[in-house]
Colleague: 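Pasting a structure here, questions to come.
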Protein chains: 2
Amino acid sequence: MDAKTLCLGVLLKGPATGYDIRKAFESGPFGHFCGAGFGSIYPALHKLEKEGLIEARAGDGSKRATRKFFALTRKGETALRRELANPAPLGPDLMRSEFMFRLFFAHLMPHERIAALIAERKALYKKKLVIVEGVLSRKDCRPGERFIAEMGRDLVLTALNHLEKNAPGLLGEKD
Amino acid sequence: MDAKTLCLGVLLKGPATGYDIRKAFESGPFGHFCGAGFGSIYPALHKLEKEGLIEARAGDGSKRATRKFFALTRKGETALRRELANPAPLGPDLMRSEFMFRLFFAHLMPHERIAALIAERKALYKKKLVIVEGVLSRKDCRPGERFIAEMGRDLVLTALNHLEKNAPGLLGEKD
DNA sequence: GCGACCATGTAATCTGTTACATGATTAC
DNA sequence: GTAATCATGTAACAGATTACATGGTCGC
């Protein structure tokens, strides 16, 4: 799942600019299981174009002429399908969370700090929830996309729930 | 959360070899929110030693003399505490999942392939569950560690549950 | 006019992954 | 004896992150 494959995947949903792809990761349907910044996306796009897997179309004459829409070529679609069909076992789901790393050492932090971290994280999760619910409300949401978005929503709800239910206990029984 | 900080964190629980640290990520209490391979751990350990944050002790005379136990120095403990106290806002929780990426495009895959992917993933999640329950059953599990392990357990249970409940729907309504 | 957001791109650096290389110990 | 697990390490490479650099458009 390098940046190139990720871009290919996003473009399967339809032509998009580099900026659009970034948004798909930041606040779109891909955000809860992968991601990439501009510094990965643009180089990836250029490589894909050179390989003939995508092609660029100029922005529609009038305004914002600077933007470049990229679209999958037939070759690109085939490549992605082949990648998806690859029977090699998939890697494990990876999660990395600075938040969990910190809370792991709760016994080394003052109460207020823990409480602040948890409050901050709850706000983040709520924002995520809004995003994933936005995805679910769209009509062009295919079964697979819906399945994954619902999984993402359940996961965020679980995290939120855990913080709400168990934070008091953590703050109370501190040594 | 680079490899160095991660190692420091693991060593706060007690002296360990590079191999032990790897296990803490692979099948120990750190596994569900961070990770590193040997190729990151050993160089990190050597850098930390050079900086005086950890120190090496030779293996206990008898057998397995080749292994080297690393332990936090006072300086190292201070450094970690400072890091934990750092009030800079934490980065978001990142998840990356090849599984979700694939399932997102379920409409491009044959039924059996989807079913196989889901079955495989269920097995992985069950394995994870066993690991996290092992962590929770240990007595030396501090409140923060317990809080995070319970969060991990809830998350895995949610994922498992989602697969069990919704996979039939995904397989049924395929176009 | 100004701030937020749209939009593209490059370069340096950092760091992680992968593959390689080696060898001891333990349980079957 | 042989396979699994313990155990440490290096080197090359790929890749991502970060910071930089620039400029247009939209709404208030």
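What you see is a predicted model; the values in this text were computed from it and never measured. Proteins get letters first, then strands, A, B, ... in listed order; numbering begins at 1 in each.
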Colleague: Roughly how many Å is it from CG in A:D20 to C1' in C:dC5, rounded to a whole number?
Modeller: 13 Å
Colleague: Can you identify which nucleotide, out of D:dG9, C:dT8, D:dT10, has its nearest atom closest to the A:Y42 side chain?
Modeller: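 Of D:dG9, C:dT8, D:dT10, C:dT8 is nearest to the side chain of A:Y42.
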Colleague: Between B:F105 and B:F101, what is the ring plane arrangement, given parallel below 30°, perpendicular above 60°, and tilted in between?
Modeller: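 Plane angle over 60°, so perpendicular.
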Colleague: Is the charged tip of A:R57 near the ring of A:F70: under 6.0 Å from the six-membered ring centre and within 45° of its axis?
Modeller: no
Colleague: Check step by step if ring-ring contact (aromatic ring centres under 6.0 Å, His included) holds for A:F104 and B:F147.
Modeller: CA-CA 8 Å; A:F104 192 95; B:F147 181 85; over 10 Å; no
Colleague: Dump every N/O contact between nucleotides 15-20 of chain D and the protein below 3.5 Å, one line per pair.
Modeller:
unit_1: D:dA16; atom_1: OP1; unit_2: A:A3; atom_2: N; d: 3.1
unit_1: D:dT17; atom_1: OP2; unit_2: A:S40; atom_2: OG; d: 3.4

Colleague: In whole Å, what is the span from the OH atom of A:Y19 to the C1' atom of C:dC5?
Modeller: 5 Å
Colleague: Within a strict 4.5 Å, meaning less than it, do heavy atoms of the B:L90 and A:L124 side chains meet?
Modeller: no
Colleague: Roughly how many Å is it from CZ in B:R67 to P in D:dT8, rounded to a whole number?
Modeller: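 In whole Å, D:dT8 P and B:R67 CZ are 8 Å from each other.
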Colleague: Hey, does the side chain of B:T17 come within less than 4.0 Å of D:dC6's phosphate (OP1/OP2), counting only N and O?
Modeller: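 For D:dC6, OP1/OP2 do not have a side-chain N/O of B:T17 under 4.0 Å.
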Colleague: In whole angstrom, give the distance that lies between atom CD1 of A:I21 and atom P of C:dC6.
Modeller: 15 Å
Colleague: How long is the line joining CD1 of A:I41 and C1' of C:dC6, in whole Å?
Modeller: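 To the nearest whole Å, that distance equals 14 Å.
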Colleague: Given atom CZ of A:R57 and atom C1' of C:dT8, what is their separation to the nearest angstrom?
Modeller: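 Rounded to the whole Å, the gap is 19 Å.
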Colleague: Within 45 degrees of the axis of the six-membered ring of B:Y19 and under 6.0 Å from its centre: does B:R67 put its NZ or CZ there?
Modeller: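 Because its charged atom misses either the 6.0 Å distance or the 45° angle limit, B:R67 does not stack over B:Y19.
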Colleague: Do any side-chain nitrogens or oxygens of A:K23 fall under 4.0 Å of OP1 or OP2 in C:dA7?
Modeller: no
Colleague: Expressed in angstrom and rounded to an integer, what is the separation of B:L45 atom CG from C:dT15 atom C1'?
Modeller: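 Taking atom C1' of C:dT15 as the reference, CG of B:L45 is at 16 Å.
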Colleague: Rounded to whole angstrom units, what separation is found between the NZ atom of A:K68 and the C1' atom of D:dG23?
Modeller: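 Computing the A:K68:NZ to D:dG23:C1' distance gives 16 Å.
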Colleague: Distance only, no hydrogens: is a donor on one side chain within 3.5 Å (strictly under) of an acceptor on the other, for B:D2 and B:T5?
Modeller: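 A donor-acceptor contact under 3.5 Å links the two side chains.
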Colleague: Would you tell me whether A:T158 and A:N161 have side-chain atoms, one donor and one acceptor, within less than 3.5 Å of each other?
Modeller: no
